[in-house]
Amino acid sequence: MEHIDVFLLFPETEDEILELGEETQAYSKIVNDLTELKELLKGLKYRLYYDSDNLKNFIKKAQELSDKKYLDNIGQQIRVTLDKRTTDVHVTPNAISDCQYYKWDANNPILCKNTSIIPSSAEKLFHSLEDSKVVIVSFIKEDSHHRDIMPVIKDARHILPEFCCVHYFNPINTFAEWLYCQIKNKPFCLRNLARFERTSYIYEKQRIYQEKGTAHYWYYDYFHKDNKEHYEVFDKQGLHLAEADINGNLDLSKKDNNKSIQGIIH
């Protein structure tokens, strides 16, 4: 991979802030996830993009729900983490001002007006080189977007409409698996749309996917002391079935009767 452009999307609507709630740990987690994201990108050619208005609105609305002084500190920590490899699309926009950008959500086009992140990522993708990647990483807690791509339409009276699909990740760990697949050119990945469907379920910071043919549930797991990459696999009832290696091969001997996601999927 020659280069990766990562666009950061922070929660800012009332519903998104209410999902985070009053607990300060939820806001600390965003800082930790951002730090983790940069750690994943270490050694790669990359650039981060954020919208300072999106970040400002996030902090302002969160302060109405939680401790103001604490949220000021969270905002400062995020700004410090966004280093010289970061571009503010509010100051240096990629999007074209006389065009409108729509995200296509369940056959319903929604005008992107809350943040410049989605239009700017789409515009970057329209002009990206073949060996570069463009992705959106979302820090929204409860994400109703059930795809790993963000379909975006660019339209204006003076041009023909353009359409693109930006890679979209929520939570951060779904980005980790995709990135490792890109770096190592692994043939197996949960973002294989022919085999897996993205669900709305999250377990231990991991996005759960459902295998179309078997209805089994899978998630990517690499947060262990030895950092060994593997997948956890559950049957359609949510009971643990096996572990799978990075190529998707099941090891039934590693079935663990103490593991279950029944409380999440039911």
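Note that R195 lies in the cation-pi zone of W218, set by a 6.0 Å cut-off to the ring centre and a 45° limit from the axis. Relative to the six-membered ring of Y220, R207 misses at least one condition, a distance below 6.0 Å or an angle of at most 45° to the axis.
Rounding to the nearest 0.5 Å gives a distance of 5.0 Å between OH of Y50 and OG of S52. Atom CG of residue N73 and atom OG1 of residue T24 lie 11.0 Å apart, to the nearest 0.5 angstrom. Between I153 atom CD1 and K103 atom NZ the span is 13.0 Å, to the nearest 0.5 Å. A distance of 9.0 Å separates CG in L125 from CZ in F7, rounded to the nearest 0.5 Å. In this structure, OH on Y180 lies 6.5 Å from CD on E229, to the nearest 0.5 angstrom.
Within 6.0 Å of CG in L111 there are more than 12 heavy atoms belonging to other residues, nucleotides or ligands. With a 6.0 Å radius and a threshold of 12 heavy atoms from other residues, nucleotides or ligands, K236 has its NZ atom at or below the threshold.
For the 3.5 Å distance criterion, the side chains of E211 and Y209 fail to qualify, holding no donor opposite an acceptor. S253 and D251 form a side-chain donor-acceptor contact under 3.5 Å, judged by distance and modelled atom types alone.
T115 pairs by the side chain to side chain contact (heavy atoms under 4.5 Å, CB included) definition with L9, E12, D51, N54, I117, not counting sequence neighbours. Checked against ring-ring contact (aromatic ring centres under 6.0 Å, His included), Y203 has the following partners two or more places apart in sequence or in another chain: Y219.
Between K259 and E232, at least one side-chain nitrogen of the basic residue sits less than 4.0 Å from a carboxylate oxygen of the acidic one, meeting the salt-bridge criterion. Comment: K61 does not engage E64 in a salt bridge, judged by the lack of any side-chain N to carboxylate O separation of less than 4.0 angstrom. Salt bridge present: R198 and D148 bring a charged side-chain N and a carboxylate O closer than 4.0 Å. A salt bridge links D53 to K56: one of the charged nitrogens lies within less than 4.0 Å of a carboxylate oxygen.
Taking each heavy atom of F188 and C181 in turn, the nearest pair found is O-SG, 3.4 Å. The nearest pair of heavy atoms linking L48 to K38 is CD1-CG, 4.1 Å.
L71 and F139 end up in the same hydrophobic cluster when Ile, Leu, Val, Met, Phe, Trp and Tyr side chains are linked at under 4.5 Å.
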Can F169 and F175 be said to form a ring-ring contact (aromatic ring centres under 6.0 Å, His included), step by step? CA-CA 6 Å; F169 301 101; F175 173 69; 5.5 Å; yes
